[in-house]
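Read through the structure below, which is laid out as structure tokens, and then see the notes.
Reckoned from all heavy atoms, side chains included, excluding hydrogens, waters and symmetry mates. Read the numbers this way: they start at 1 and go in the same order the structure lists the ligands and their atoms.
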Amino acid sequence: MVAVDDGTRAARMRSHMERLYPICRSITGDGVRRTLDLVGEALPAPLVLERRAVPSGTAAYDWTVNDEWNVRDAWIADANGRRVVDFQEHNLHLVSYSVPVRARMSMDELRPHLHTLPEHPDWIPYRTTYYKRTWGFCLTQRQLDAMGEGPFEVVVDTTLEPGELTYGELVIPGDTADEILFTSHVCHPSLANDNLSGIVVAIELARTLAGLARRRFSYRFVFAPGTIGSITWLSRNGALLDRIRHGLVLTGLGGPGPLVYKRTRRGDRTIDRAATHVVRRRQGEVRDYSPYGYDERQFNAIGFDLPVGRLTRTPHGEYPEYHTSADNLGFLADEKLLDAYDALLRIVEILENDAAYLNLSPHGEPQLGKRGLYPTTGGRSASDTVMAMLWTLAYSDGRATLLDIADRAGLDFGQVCSAANDLAGAGLLERASDHPGR
Ligand code: ZN
């Protein structure tokens with residue numbers, strides 16, 4: 001596998017985000033299709049993003065696929081015809097799923113349809129009305145303050161009619177049909193952390209996983225609109241849900257704060273232990289499940305009970321820029337995106353390699369020196385390397401896994417894993433069983 005330096009990877013994520021940012025996405029429509037086009041183009045050959053289209057009106061458990069929404073234009077103009085709020089300037093200006101409107105209105109009539117953030121007078125809020133047929137504009141408080149009493153010309157040139165819900169799927173096959181699932185929503189318009197960060201980190205992860213010489217698991221990446229998209233995906237993939245051994249919802253990875261892992265509903269799945277190990281060693285935070293948030297709510301629902309956690313940084317609603325125009329490309333830090341990508345690789349490393357081993361020389365401590373296992377050179381400190389071997393020998397009773405041992409020893413999984421490889425190479429350790437559970 002060709003090593004890619006961080007600068008190249010960061011530049012690639014930036015350029016994907018710059019192309020994705022201006023697109024007006026929603027839960028359906030041209031913006032989702034265009035986004036999936038760009039995700040597909042960003043994947044290296046031979047990876048192919050398969051696109052699925054589900055007609056409006058299709059039932060998905062308790063939900064129904066909505067009519068498709070598209071925007072040609074939208075604006076509010078003053079008496080001189082000057083656009084004082086203009087969708088062309090920022091797609092957050094239009095409430096997502098606004099129904100068509102052409103009207104002349106006073107400020108009194110218009111005001112109930114206007115949304116601002118008085119506490120952040122230069123920011124545009126993000127609002128949606130997916131399941132209630134109405135319309136609205138979002139604007140800065142400063143714009144509103146300058147508007148006067150009207151009259152205003154209001155134009156919402158949208159279509160809301162039967163079409164399709166679209167999502168994309170990518171599968172990278174491994175040695176087994178057991179799958180690790182990564183999902184990222186694709187339904188937010190020009191919002192960077194809460195949407196694009198998850199998409200571009202997922203693309204980089206897919207690129208790297210595809211380049212691995214061997215994969216124990218198969219990997220599935222789903223890029224779908226939030227809630228209705230994941231529920232629709234679940235409703236059409238019942239046959240493969242049993243194959244999902246582990247999963248993560250990815251979003252909010254480029255903003256401020258340390259990594260935050262949200263546990264699965266059960267809280268004791270293998271993904272919970274793997275992600276906790278990685279996130280805690282990066283001074284991140286681990287939280288219990290709650291039935292509010294992103295698509296983990298759907299995957300963890302009792303009827304599916306899938307082992308899917310969520311990786312973010314500071315979660316939704318806990319940073320002021322969330323769901324506002326201030327969640328823009330300048331809000332994201334390259335090093336945060338790279339760190340999230342790296343953490344995901346470490347989690348995958350655990351899922352791929354965790355196993356129980358058996359100490360084949362259990363009667364006292366074996367002599368490492370005569371087997372050449374005391375390192376004389378190398379980048380890692382000798383003591384960590386030796387300690388990893390001693391811990392591995394001490395606990396490899398055929399039941400404790402390498403992750404158990406790493407957690408107990410306070411060592412990185414990677415160190416314990418390479419110690420186990422060295423010990424197995426010297427005939428001191430034998431692989432007993434793969435980690436069984438999910
Ligand atoms: Zn959101």
Side-chain angles (χ1 to χ4, degrees), residues 16-17 20-29 31-32 34-36 39 63 66 69 71 90-98 115-117 119-120 123-132 136 138 165-168 182-202 222-233 248-257 259-262 287 289-300 308-332 336-337 340:
H16 295 331
M17 290 193 300
L20 290 165
Y21 182 75
I23 298 172
C24 181
R25 276 166 291 271
S26 185
I27 53 173
T28 63
V32 178
R34 179 74 190 125
T35 297
L36 296 176
V39 171
W63 294 64
N66 214 330
W69 184 71
V71 191
H90 205 303
N91 58 40
L92 290 180
H93 278 317
L94 182 62
V95 172
S96 190
Y97 262 75
S98 285
H115 308 276
T116 66
L117 293 169
E119 66 278 26
H120 295 289
W123 296 358
I124 309 164
Y126 166 52
R127 296 280 185 275
T128 66
T129 184
Y130 301 142
Y131 300 105
K132 183 179 173 217
C138 299
L165 175 144
T166 324
Y167 61 87
F182 292 101
T183 77
S184 189
H185 58 283
V186 291
C187 52
H188 288 39
S190 293
L191 293 166
N193 193 41
D194 183 11
N195 216 175
L196 302 186
S197 68
I199 295 173
V200 299
V201 169
V222 174
F223 299 91
T227 307
I228 183 65
S230 56
I231 292 174
T232 301
W233 181 86
L248 283 173
V249 171
L250 304 179
T251 187
L253 295 169
L259 289 169
V260 176
Y261 174 68
K262 177 179 170 180
R287 298 189 185 181
Y289 184 76
S290 80
Y292 188 71
Y294 293 97
D295 285 325
E296 69 277 6
R297 286 146 41 216
Q298 316 313 333
F299 298 111
N300 281 275
V308 176
R310 186 189 79 195
L311 192 66
T312 64
R313 294 188 178 279
T314 305
H316 57 91
E318 297 179 28
Y319 52 96
E321 295 85 356
Y322 169 73
H323 278 192
T324 78
S325 56
D327 179 5
N328 55 35
L329 295 180
F331 183 59
L332 304 185
K336 296 287 193 183
L337 293 165

Original post:
Between Arg287 and Glu296, is there a side-chain N and carboxylate O pair less than 4.0 Å apart?
Top reply: no
**OP:** Take His323 and His316 through the ring pair (Phe, Tyr, Trp, His ring centres under 6.0 Å) test and state the conclusion after the steps.
**Re:** CA-CA 8 Å; His323 278 192; His316 57 91; 8.5 Å; no
Original post:
Is the Zn ion (ligand 1) less than 2.8 Å from an N/O/S atom of His188, whether that atom is in the backbone or a side chain?
Top reply: yes
Original post:
So does His323 have any N/O/S atom less than 2.8 Å away from the Zn ion (ligand 1)?
Top reply: yes
Original post:
In Asp194, which N, O or S atom comes closest to the Zn ion (ligand 1)?
Top reply: OD2
Original post:
What are the two closest heavy atoms between Ser325 and His90, and how far apart are they?
Top reply: CB-NE2, 3.8 Å
Subject >> Option passing side chain to side chain donor-acceptor pair (under 3.5 Å) with Thr28 (candidates Tyr130, Trp69, Tyr97) >> reply: Tyr97
